Amino acid sequence: MEKKEKLEQVNRLVQKLGLSPQEAVEYFSAKIVESSSVVRECEVAVGVLPGMYVYADGLISAELITGRQVKAVVGYVEGKTVYAVCLKAKELPWSSDCLEVKASRDLTDGKEATAVILAAAKQKRGKAEAAQWCHDYAEDGVIQGEAFLPSLTELEKLFANKAAINVSLKALGAALFERWYWSSTEGTNTSAWKFSMNYGYRNGNFKSNSNNYARSVIAFEF
């Protein structure tokens with residue numbers, strides 16, 4: 001029997017027994033914690049959910065596991081792509097010299113937008129503090145260049161699952177999702193969009209404003 005068929009059987013059994021995805025993941029995580037690959041396959045079968053922990057070794061689990069490094073918390077899943085929030089945030093401007101990056105205005109992919117912003121900064125010899133910090137983020141097992149400044153669209157999707165994200169961040173003692181965060185989406189030549197994780201709305205703000213935060217996000221397929 002193919003691995004995919006076996007996992008589909010696990011999924012059907014979980015549904016038949018009336019278990020929630022989190023209950024099934026908790027069970028497999030506790031019983032097979034020594035085997036990251038097996039635990040991960042079981043989670044794929046029942047679903048990766050907001051608030052789950054993303055470990056530096058590739059494991060995704062609903063449980064905090066002693067001895068393993070958590071690098072991010074699942075924010076939302078789109079298709080087979082997981083978007084996860086990194087554990088730290090930093091207060092800084094979007095661009096202290098108001099770097100203009102028109103190409104970022106219509107991009108909904110934060111990773112692509114971050115690359116566009118940094119390329120513009122290099123070409124124009126300008127500053128892009130928020131995008132640069134997210135790109136350079138290399139803490140808790142995140143590899144430099146892996147993370148990015150999320151787009152306005154991505155921040156809105158993360159907000160929908162803020163409660164689950166914050167439960168896990170609090171358990172880790174990490175910075176909660178409760179501030180104004182810069183997006184990688186430019187508004188005008190002097191402003192960029194920021195998003196409130198307290199109230200769930202957007203606002204344009206001067207790029208040079210240093211009172212907003214950058215929060216790195218990673219995206220990967222499972």
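As the structure is a prediction and not an experimental result, all values here were calculated from the model.
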Leu176, CG: over 12 other non-hydrogen atoms inside 6.0 angstrom: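 Check passes, neighbour count above 12.
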
Gln123 atom CD: more than 12 heavy-atom contacts under 6.0 Å: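 Count not over threshold, so no.
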
Quick one: pull up [atom1] in [X] and [atom2] in [Y] and give me the separation to the nearest 0.5 Å.
X	Y	atom1	atom2	result
Asn212	Phe206	CG	CZ	12.5 Å
Asp136	Gln144	CG	CD	5.0 Å
Ser196	Asn203	OG	CG	9.5 Å
Ser61	Met52	OG	CE	7.0 Å
His135	Ser184	NE2	OG	13.0 Å

Quick one: does any side-chain atom of [X] pair with a main-chain N or O of [Y] as donor and acceptor, under 3.5 Å?
X	Y	value
Ser183	Trp193	yes
Ser96	Pro93	no
Ser95	Lys127	yes
Glu112	Asp109	no
Asn161	Ala164	no
Lys102	Glu186	no

Can you find a heavy atom in the side chain of [X] that is under 4.5 Å from one in the side chain of [Y]?
X	Y	answer
Lys124	Leu99	yes
Arg179	Asn198	no
Leu92	Ser210	no
Phe222	Val48	yes
Tyr137	Lys90	no
Leu59	Tyr53	no
Ser216	Trp133	yes
Lys194	Arg202	no

Do you know the tightest heavy-atom contact between [X] and [Y]?
X	Y	answer
Gln132	Leu118	OE1-CD2, 3.3 Å
Leu107	Ala113	CD1-CA, 3.7 Å
Asn166	Phe177	OD1-N, 2.7 Å
Ala72	Ile218	CB-CD1, 3.9 Å
Ile117	Ala128	CG2-CB, 3.6 Å
Ser104	Val116	N-CG1, 4.4 Å

Result of checking Lys88, Lys71, Arg68 against Asp140 for salt bridge (Lys or Arg N to Asp or Glu O under 4.0 Å):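 So the option named by the test is Lys88.
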
Are [X] and [Y] joined in one hydrophobic group, where the rule is that I, L, V, M, F, W and Y side chains link up if heavy atoms are under 4.5 Å apart?
X	Y	answer
Tyr76	Phe220	yes
Leu172	Tyr83	yes
Phe159	Val85	yes
Leu149	Ile165	no
Val54	Leu158	yes

Worked check of side chain to side chain contact (heavy atoms under 4.5 Å, CB included) between Val74 and Leu49: CA-CA 7 Å; Val74 175; Leu49 301 175; over 6 Å; no

Tell me whether [X] is salt-bridged to [Y], with the criterion being a basic N under 4.0 Å from an acidic carboxylate O.
X	Y	result
Glu100	Arg105	yes
Lys162	Glu178	no
Lys80	Glu221	no

Stepwise side chain to side chain contact (heavy atoms under 4.5 Å, CB included) check, Phe148 with Val217: CA-CA 6 Å; Phe148 56 89; Val217 168; 3.8 Å; yes

Chi angles and distances behind the side chain to side chain contact (heavy atoms under 4.5 Å, CB included) call for Asn211, Glu91: CA-CA 6 Å; Asn211 295 323; Glu91 192 175 21; 3.9 Å; yes

Between Trp180 and Tyr201, ring centroids under 6.0 Å: yes

Sub-6.0 Å ring centroid separation between Tyr181 and Phe195: no

Trace of the side chain to side chain contact (heavy atoms under 4.5 Å, CB included) decision for Val142 with Cys86: CA-CA 8 Å; Val142 177; Cys86 296; 4.1 Å; yes

